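These numbers were taken from a predicted model, which means no experiment stands behind them.
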Amino acid sequence: MSTFVPLQHERLSADESARRAHEFVRHLDARRTTRHFSPEPVPRDWIEQAIRAGGTAPSGAHQQPWTFVAVSDPALKRRMREAAEEEERRFYAERITPEWRAALEPLGTDAVKTHLTDAPWVVVLFRQSHGLDADGSKRTFYYTQESCGIAAGLFIAAVHTMGLVTLTHTPSPMGFLGELLERPANEKAFLVMPVGYPAVDAQVPALTRKPLDEIAVFR
Ligand code: IYR
């Protein structure tokens, strides 16, 4: 049985909608991914708010198939870095294809993952591949990849809005994270996001974004 309640919605003037539309794009377009973090602490409350923002994402059947694990413990961050670097050394030496290496060249990535110990917080987003009922039986979850992708986007936007930076890091394979962070078997590591202030000398690759006519078609 479904229960419905009235939608809370504020009708804006056309001028205000237009102003916000342009301002929001300007704000998001100023976001950059950097690998260079300051170790300066960030209050736990801000991370909680970013996670709440991520948790507002729409999800398949409203099953909210995500768990955000926020790590600030230096010893745990170091273990995550060691394990990630071990995987990445194998990736960059053996698993990477020539085509993939060429695609990553402009980003200047390598197997050294200083951000995992420099950033005051490392947030690991886990995707719940299925749910577990009270009796331990499996409950199917729908569109978990899409749902977690949207949640990550909102988390990233929240981090940017509070004047911090993050990096979407995808160590491959990521199985070690479930073990290190003691997550149940239905939770699969989806994305690693160090969060903090940028280092004073932080750098970013000189990239540009595709213009509208390359990313949109109107019919
Ligand atoms: N997981 C590796 C490689 C990597 C892959 C892509 I696609 C990137 O955009 C960046 C890195 C790493 O984290 O270095």
Side-chain angles (χ1 to χ4, degrees), residues 31-39 42 47 50-51 54 65-130 141 143-153 155-156 159-160 164-199 201-207 209:
R31 186 198 60 77
R32 290 301 310 261
T33 296
T34 184
R35 322 184 72 76
H36 306 133
F37 288 80
S38 159
V42 162
I47 302 301
I51 294 171
W66 42 66
T67 306
F68 294 81
V69 179
V71 181
S72 63
D73 174 33
L76 193 48
K77 285 191 296 179
R78 173 146 297 283
R79 283 161 64 202
M80 286 167 59
R81 177 174 168 187
E82 282 164 7
E85 289 183 338
E86 200 179 311
E87 294 290 1
E88 296 293 0
R89 276 192 295 271
R90 268 198 292 275
F91 171 77
Y92 283 95
E94 299 161 23
R95 285 199 294 264
I96 194 169
T97 60
E99 186 183 20
W100 200 345
R101 192 183 297 283
L104 290 183
E105 200 275 327
L107 304 184
T109 61
D110 58 27
V112 182
K113 301 303 178 191
T114 48
H115 51 265
L116 292 177
T117 46
D118 289 345
W121 293 93
V122 177
V123 177
V124 184
L125 172 52
F126 284 86
R127 176 180 68 86
Q128 298 170 7
S129 56
H130 60 266
F141 275 177
Y143 299 106
T144 58
Q145 305 275 1
E146 290 84 348
S147 304
C148 286
I150 300 167
F155 176 91
I156 292 164
V159 166
H160 172 61
L164 303 176
V165 292
T166 183
L167 162 74
T168 40
H169 177 203
T170 48
S172 62
M174 288 205 252
F176 70 91
L177 289 164
E179 276 166 49
L180 263 180
L181 300 174
E182 300 175 338
R183 302 315 304 160
N186 65 321
E187 293 188 7
K188 318 290 179 202
F190 183 77
L191 203 52
V192 180
M193 293 173 287
V195 178
Y197 287 99
D201 55 354
Q203 293 210 318
V204 293
L207 304 177
R209 295 190 164 106

Results of side chain to side chain contact (heavy atoms under 4.5 Å, CB included) for P39 - residues two or more places apart only: none

G196 to V42 - nearest heavy-atom pair and separation: CA-CG2, 4.0 Å

Within 6.0 angstrom of Q203 CD, more than 12 heavy atoms from elsewhere: no

Between T33 and R35: side-chain donor-acceptor atoms closer than 3.5 Å: no

Pairwise salt bridge (Lys or Arg N to Asp or Glu O under 4.0 Å) hits with a residue in residues 69-84, at least two apart: R81-E85

Reported CD1-to-CD distance for the pair I150 and E146, which is rounded to 0.5 angstrom: 7.5 Å

Between CD1 on residue I96 and CZ on residue R101, distance to nearest 0.5 Å: 4.5 Å

Gap separating the CG atom of L167 from the CG atom of L116, nearest 0.5 angstrom: 8.0 Å

Any residue meeting ring-ring contact (aromatic ring centres under 6.0 Å, His included) with H36, in chain and number order, not counting sequence neighbours: none

Closest approach of H115 to P194 (non-hydrogen atoms, all atoms of both residues): CD2-CG, 3.5 Å

Interatomic distance, R31 atom CZ to I156 atom CD1 [nearest 0.5 angstrom]: 6.5 Å

Minimum-distance pair of heavy atoms, taken over all atoms of L181 and V71: CD2-CG2, 3.8 Å

Close side-chain approach of M193 to V122, heavy-atom, < 4.5 Å: no

Side chain to side chain, Y197 and P120, heavy atoms closer than 4.5 Å: no

Interatomic spacing from CD in E99 to CG in L104 - rounded to 0.5 Å: 11.0 Å

Shortest non-hydrogen contact between L125 and C148, atoms and distance: CD2-O, 3.7 Å

Nearest heavy atoms of N186 and H130, plus distance in Å: ND2-O, 2.9 Å

Side chain to side chain contact (heavy atoms under 4.5 Å, CB included) partners of V165, counting only residues at least two apart: T34, F37, P198

Side chain to side chain contact (heavy atoms under 4.5 Å, CB included) partners of A151, counting only residues at least two apart: A57, W66, F68

Pairs satisfying ring pair (Phe, Tyr, Trp, His ring centres under 6.0 Å), at least one member in residues 74-98, at least two apart: F91-W100

Residue list, salt bridge (Lys or Arg N to Asp or Glu O under 4.0 Å) with R209, at least two apart or on another chain: D29

L177 CG to L191 CG distance, which is reported to the nearest 0.5 Å: 10.5 Å

Sequence-distant partners of F190, ring-ring contact (aromatic ring centres under 6.0 Å, His included), two or more places apart: none

Contact list for residues 167-196, test salt bridge (Lys or Arg N to Asp or Glu O under 4.0 Å), sequence neighbours left out: R183-E187

Nearest heavy atoms of T170 and E88, plus distance in Å: O-OE2, 4.1 Å

Selection residues 104-116 - residue pairs positive for salt bridge (Lys or Arg N to Asp or Glu O under 4.0 Å), sequence neighbours left out: none

Under the side chain to side chain contact (heavy atoms under 4.5 Å, CB included) test, residues paired with T144 that sit two or more places apart: P65, R127, F141

Contacts of R95 that satisfy salt bridge (Lys or Arg N to Asp or Glu O under 4.0 Å) - sequence neighbours left out: E87

